[in-house]
Amino acid sequence: MKELETERLWLRPWRIEDLEDFYTYCKEPDVGPWAGWKPHESREESREILSRWLQEDGDEVRLAIVDKFNGRVIGSLVLEEDGHRGCKSLGYVLGKPYWGRGYMTEAVHAAIDYGFREMKLRLLSVNHYPENLRSKRVIEKAGFVYEGTLRDAATIYNGELRDLCCYSLRAWEYWRMRAKEAGFFLELPEELPQEELEALQKEFVEVDKDVTPFVIDPKGLDYRRWLERNVAWRTVVPEGYAPSTLFILTSPQTGPAGALDLRHCLTPRLRAGGGHIGYGIRPCQRGNRYAPYMLALGLEKAKEMGIGQALVCCDEDNTASARTIEACGGVLASALDGLRQYWIALDP
């Protein structure tokens, strides 16, 4: 497990030398009960728990939160099995002197990045007790989606039953959030300057033998006719075809960086191969990891259209596209005849 670094914090594996700092925040009467455990009554109690953590050899990731300024351990963070579904659950605690200073939000942000970028999670859950409004604010700032409240779902250290407010974050929701933070968004082609779109088309056609998505290729049409055809295809299509909308990935830093074709429904042909979404990053922008941004933003558009599950496909030898789809939470449904088909859940 590598160490994670933020502006003010180190997140690293625990050491037995952390015992004194661990005991210092765990004995605080206002810390443990908010997370459901009793304050530690002695260093030996803290030593026993810390020693057990150091001996654990499972799939969970348990990290000490270290203040870079003074080198002290000020809290703990864990990515562990959810217990109710096949995903990881996030848990955290912070020493009282550090409350209200944004430290926990900073640590959670880094942990979420690690979970989705390194652990390749499809879903991450997190819970808080209804009265823990500080934790609620951290969870909401991190972008988690509220699922509901489970009544009498947890028994804390003194035998008291507590409700659990439940949240989760899907992989594509994570990449959508990071895309927007990076300044990326999807535009309709008519909303962008003609010269920028023509340069994008020219680059795709000159570099790629098979342009993906194919609708970005003007195929000999002048710009005005190509644009008219794309706008019309959103509502008027030949029998047997699906209406679709072309979007352009763009940002103030990159300009047009890719193209995504969103099919509004699945025809038999699309169900067999094309799927709901076809996308491609502009050749000069490849290698910058913009593809998960574009796919996630496209999945958001698909959800807005009422698509509950999106089918996304790629050639079996297109490992880069497979990694992108899987990073956004794609579940492999089949790999036949040189084609990989993935489903991505969009509905709650």
Side-chain angles (χ1 to χ4, degrees), residues 6-7 109-110 112-114 116-118 120 143 169-219 221 223-224 226-227 230-231 233-234 244-263 275-305 310 312 314 318-330 344:
T6 71
E7 181 182 354
H109 188 288
I112 291 173
D113 281 345
Y114 180 79
F116 287 108
R117 293 174 185 260
E118 304 296 330
K120 311 299 183 185
L169 188 64
R170 284 179 168 145
W172 73 265
E173 293 169 332
Y174 163 80
W175 286 106
R176 174 195 60 185
M177 178 171 61
R178 293 293 182 258
K180 292 181 178 181
E181 290 172 353
F184 284 93
F185 51 95
L186 296 181
E187 290 264 42
L188 295 170
E190 64 267 27
E191 296 171 341
L192 292 167
Q194 177 177 338
E195 61 272 18
E196 292 187 7
L197 262 295
E198 287 183 315
L200 178 74
Q201 290 174 318
K202 184 173 185 291
E203 190 175 330
F204 265 113
V205 172
E206 288 180 348
V207 173
D208 293 337
K209 179 181 178 182
D210 297 314
V211 177
T212 303
F214 70 90
V215 293
I216 197 68
D217 187 346
K219 299 189 183 301
L221 296 177
Y223 183 81
R224 182 185 63 81
W226 169 83
L227 184 61
N230 270 280
V231 172
W233 204 265
R234 298 170 197 167
S244 67
T245 301
L246 176 66
F247 293 99
I248 306 300
L249 179 73
T250 188
S251 77
Q253 294 76 31
T254 64
L260 180 144
D261 187 35
L262 173 58
R263 296 96 190 209
H276 283 101
I277 292 174
Y279 63 92
I281 292 292
R282 185 175 189 165
C284 70
Q285 296 291 352
R286 291 171 187 169
N288 293 321
R289 199 155 188 176
Y290 295 155
Y293 289 170
M294 181 162 60
L295 179 54
L297 291 169
L299 291 167
E300 179 183 43
K301 296 291 186 183
K303 183 175 181 179
E304 291 170 356
M305 285 185 178
V312 188
C314 68
N318 191 343
T319 56
S321 186
R323 284 196 299 268
T324 294
I325 298 168
E326 290 167 3
C328 286
I344 302 178

Please step through side-chain contact (heavy atoms from CB on, under 4.5 Å) for the pair T245 and K301, ending with a clear verdict. CA-CA 10 Å; T245 301; K301 296 291 186 183; over 6 Å; no

Salt-bridge criterion met for R176 and E304 (N-O under 4.0 Å): no

With side-chain contact (heavy atoms from CB on, under 4.5 Å) as the criterion, how do I248 and I216 come out once you've worked through the C-alpha distance, each side chain's angles and the decisive distance to 0.1 Å? CA-CA 9 Å; I248 306 300; I216 197 68; 4.0 Å; yes

Roughly how far, to the nearest 0.5 Å, is CD1 of I344 from NZ of K303? 13.0 Å

Looking only at heavy atoms, the pair that brings P283 and V207 closest together is CG-CB, 3.8 Å

What's the spacing between L246 CG and L262 CG if we round to 0.5 Å? 10.0 Å

How are the rings of Y174 and F116 set to each other: parallel, tilted or perpendicular (split at 30° and 60°)? parallel

May I ask you to test the V312-S321 pair for a side-chain heavy-atom distance under 4.5 Å? no

How many angstroms lie between atom CZ of R178 and atom CZ of R117, to the nearest 0.5 angstrom? 7.0 Å

Aromatic ring pairing Y223/W226, orientation class (parallel under 30°, perpendicular over 60°, tilted between): tilted

In short, V205 meets P218 closest at the heavy-atom pair CG2-CD, 4.2 Å

With side chains defined as the heavy atoms from C-beta onward, is the minimum distance between F247 and L297 less than 4.5 Å? no

Residue K202 excluded, over 12 heavy atoms near NZ under 6.0 Å: no

Does a side-chain heavy-atom distance below 4.5 Å link T324 with Y279? yes

Can you tell me how far the CG atom of L186 sits from the CG atom of L249, to the nearest 0.5 Å? 6.0 Å

Are the side chains of L221 and L227 in touch, meaning some heavy atoms are under 4.5 Å apart? no

What are the two closest heavy atoms between P189 and R234, and how far apart are they? CD-NH2, 3.8 Å

Minimum heavy-atom distance P213-D261, with the two atoms named: CB-CB, 3.8 Å

Yes or no on side-chain contact (heavy atoms from CB on, under 4.5 Å) for F184 and T250, after CA distance, side-chain angles and deciding distance? CA-CA 6 Å; F184 284 93; T250 188; over 6 Å; no

So, for I281 and R286, which heavy atoms are closest and what is the spacing to 0.1 Å? O-NE, 2.8 Å

Atom pair OG1 (T212) and CG (D217), whose distance is rounded to the nearest 0.5 Å: 10.0 Å

For residues T254 and Q285, determine if any side-chain heavy atom of one lies less than 4.5 Å from a side-chain heavy atom of the other. yes

4.5 Å side-chain heavy-atom contact, L299 and R170: no

With a 4.0 Å cut-off on N to O distance, would you call E203 and R282 a salt bridge? yes

Short question: side chain of E196, backbone of P193 - any donor-acceptor pair under 3.5 Å? no

dist S244:OG -> L260:CG (nearest 0.5 Å) comes out at 10.5 Å

Determine the minimum heavy-atom distance between W175 and C328, stating which atoms define it. CD1-SG, 4.2 Å

